[in-house]
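Below, chains carry the letters A, B, ... as their sequence lines are ordered, and counting in each starts from 1.
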Amino acid sequence: MIVARELLGKFLVHETSEGVTSGKIVETEAYKGPEDKASHAYDNLRSKRTEVQFGPKGHAYIYLVYGMYHCFNVTSGDAPGKPEAILVRSLEPVSGIEIMMKRRKISKAHLINLTSGPGRLCMALGLSTKQNVADLCVPPLYVERGVTVDKENIARTTRVNVDYADDWKDLPWRFFIRSNAFVSKANQQRKTKAGAPKD
DNA sequence: TGCACGATTCTCT
DNA sequence: GAGAATCGTGCAA
């Protein structure tokens, strides 16, 4: 939980043959292992996919959603064998913007959409399941100490698209930097699944 | 072995 | 605003 807040303002860097791309983390979501129904590792569900969450913290957990997009997480379990992860939802582009635009096939006019969403930031940074389990302390994929974000500038809300998680969906485990233009708008006007309980 | 579905995004109307 | 795209994963039979 603390890690999710600490990640805000840090830089996520990916070095590839195309060049170095990096961005400032401006939005995160916490997923707290066995007891969190919204987590893939709920009820200690240990599988090929969730295995990395049970490993040491500070590693990449990247998985495919909806068959076409990837989500990037940082493992953060305090104790060994405790599956916790922080989903990075959006970044503020810092370097390699040209490369990211090329990867996303968008123009400068749409820069705001470059990395503002879990799937988008993975596309922009060139992340896929190939980078799964990568150690985030060493290149080519690593987290760099960035700027310190004032507590007052950190906002927290409920998580996005976890309607299926009963009471767990209402927990304010989504953190983002207040008034940052690159925070994803995904929590606004989300579609609710037919028959899904509303508040 | 087969089926249903999702921590999303984009395009079309 | 609504719906399609798309495939790995989990679960049931």
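- Distance from the side chain of A:R49 is smallest for C:dT9 among the nucleotides C:dT9, B:dT8, B:dA7.
- Within the structure, salt bridge (Lys or Arg N to Asp or Glu O under 4.0 Å) pairs that include any residue of residues 103-119 of chain A comprise A:E18-A:R103 (at least two apart or interchain).
- Between the side chain of A:Y66 and the base of C:dA5, no donor-acceptor pair of N or O atoms lies under 3.5 Å.
- The residue among A:G119 and A:G67 whose nearest nucleotide of DNA chain B is located toward the 5' end is A:G67.
- Contact annotation: A:R174 side-chain N/O to B:dA7 OP1/OP2 distance is not under 4.0 Å.
- No side-chain donor from either of A:S90 and A:S116 sits under 3.5 Å from a side-chain acceptor of the other.
- One can place OH of A:Y42 at 12 Å from P of C:dC11, the figure rounded to the nearest angstrom.
- Among the protein residues, A:H40 comes within range of the nucleic acid bases, having at least one heavy atom under 4.0 Å from a base atom.
- Atom CD in A:E27 sits roughly 16 Å away from atom P in B:dA7 (whole-Å rounding).
- Using a 4.0 Å cut-off between charged side-chain N and carboxylate O, A:K169 and A:D163 make no salt bridge.
- If you take CZ of A:R120 and C1' of B:dA7, they are 15 Å apart, rounded to a whole angstrom.
- In this structure the side chain of A:R120 never reaches within 4.5 angstrom of the side chain of A:L114, judged on heavy atoms.
- In this model, the phosphate group of B:dA7 is approached by a side-chain N or O of A:Y164 to a distance below 4.0 Å at OP1 or OP2.
- Consecutive Watson-Crick or G-U pairs involving DNA chain C, each under 3.5 Å on both distances, make up stems of three or more pairs at B:1-6 with C:7-12, B:8-12 with C:1-5.
- Going from atom CZ of A:R103 over to atom C1' of B:dC10 covers 20 Å, rounded to whole Å.
- Between A:R104 and the phosphate of B:dT9, there is no side-chain N or O to OP1/OP2 separation shorter than 4.0 Å.
- A donor and an acceptor atom, one from each side chain of A:T75 and A:E84, are nowhere located under 3.5 Å apart.
- Put simply, the side chain of A:Q131 gets close to the backbone of A:S128: a donor and an acceptor are under 3.5 Å apart.
- Taking the side chain of A:S47 as heavy atoms from C-beta on, and the options C:dT9, B:dA7, B:dT9, the nearest nucleotide is C:dT9.
- Going from atom NZ of A:K37 over to atom P of B:dG6 covers 13 Å, rounded to whole Å.
- The distance between atom CD of A:Q53 and atom P of B:dA7, rounded to the nearest whole Å, is 12 Å.
- Residues A:R174 and A:T157 bring a donor and an acceptor atom of their side chains to less than 3.5 Å of each other.
- Across the protein-nucleic acid pair, A:H70 atom NE2 and B:dC10 atom C1' stand 17 Å apart, rounded to whole Å.
- Side chain of A:Y31 to backbone of A:D36: no donor-acceptor contact under 3.5 angstrom is found.
- Which of C:dG8, B:dA7, B:dT8 sits closest to the side chain of A:L64 comes down to C:dG8.
- Nucleotide B:dA7 holds its P atom 10 Å from the OH atom of A:Y61, rounded to whole Å.
- With distances taken from any side-chain atom of A:L45 to the nucleotides C:dC11, B:dT9, B:dA7, the minimum falls on C:dC11.
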